[in-house]
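Structure first, then comments.
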Amino acid sequence: MTELYSFLFCLGLGIIARPIFIGVSALARRTNLIPVTIVLDFVFACTVGGAFIAYVILTGAVLAPYMFAALLSGYLITYRLTSKSPNKKPRK
């Protein structure tokens with residue numbers, strides 16, 4: 001059961017990471033300053049990575065490949081849903 005909880009947490013973290021990244025990217029684009037962009041990227045990486053590491057440490061879960069796969073697949077699912085397709089033509 002612990003593996004199922006770990007999988008679901010990592011999948012949810014990947015899904016939550018995409019909206020956070022969209023917000024960070026919009027804020028960085030709005031400021032248009034390289035140091036702000038670097039700091040925001042660092043904060044994003046620390047937020048997602050920190051949540052992942054905190055979960056592993058606090059629950060005593062063993063690191064397994066499925067945790068990383070769930071994290072990346074959760075991000076990929078939301079990336080596919082939120083990305084703009086170049087094949088779609090804008091309506092007039």
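Hydrogens, waters and symmetry mates are skipped; everything else that's a heavy atom, side chains included, is used.
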Residues 50-58, side-chain donor-acceptor partners within the protein, below 3.5 Å, at least two apart:
residue	atom	partner	partner atom	Å
Tyr55	OH	Ser6	N	3.3
Tyr55	OH	Ser6	OG	3.2

ask   = Is Ile22 linked to Leu27 within one hydrophobic cluster, defined over Ile, Leu, Val, Met, Phe, Trp and Tyr using a side-chain heavy-atom separation of less than 4.5 Å?
value = no
message = On a heavy-atom basis, which atom in Gly74 and which in Ile15 lie closest, and how many Å separate them?
response = O-CG1, 3.7 Å
ask   = What about Ile77 and Leu8, same hydrophobic cluster or not, with Ile/Leu/Val/Met/Phe/Trp/Tyr joined at side-chain heavy-atom distances under 4.5 Å?
value = no
inquiry  = To the closest 0.5 Å, what do you measure between OG1 (Thr78) and CG (Leu11)?
reply    = 9.5 Å
task = Test side chain to side chain contact (heavy atoms under 4.5 Å, CB included) on Leu63 and Phe68 and set out the steps.
result = CA-CA 9 Å; Leu63 280 178; Phe68 295 105; 4.1 Å; yes
inquiry  = Please determine whether residues Tyr66 and Leu4 belong to a single hydrophobic cluster, defined as Ile, Leu, Val, Met, Phe, Trp and Tyr linked transitively by side-chain heavy-atom distances below 4.5 Å.
reply    = yes
ask   = Above 12 or not: heavy atoms from other molecules or residues under 6.0 Å from OH of Tyr5?
value = no
query = Under 4.5 Å between any side-chain heavy atoms of Phe7 and Met67, yes or no?
reply = no
For residues 33-48, tabulate all N or O donor-acceptor pairs below 3.5 Å that involve a side-chain atom, not counting sequence neighbours.
residue	atom	partner	partner atom	Å
Thr37	OG1	Leu33	O	2.9
Thr47	OG1	Val43	O	2.7

key: Where at least one partner belongs to residues 8-29, residue pairs that pass side-chain hydrogen bond (donor to acceptor under 3.5 Å, both in side chains), sequence neighbours excluded   = Arg18-Tyr75, Arg18-Thr82
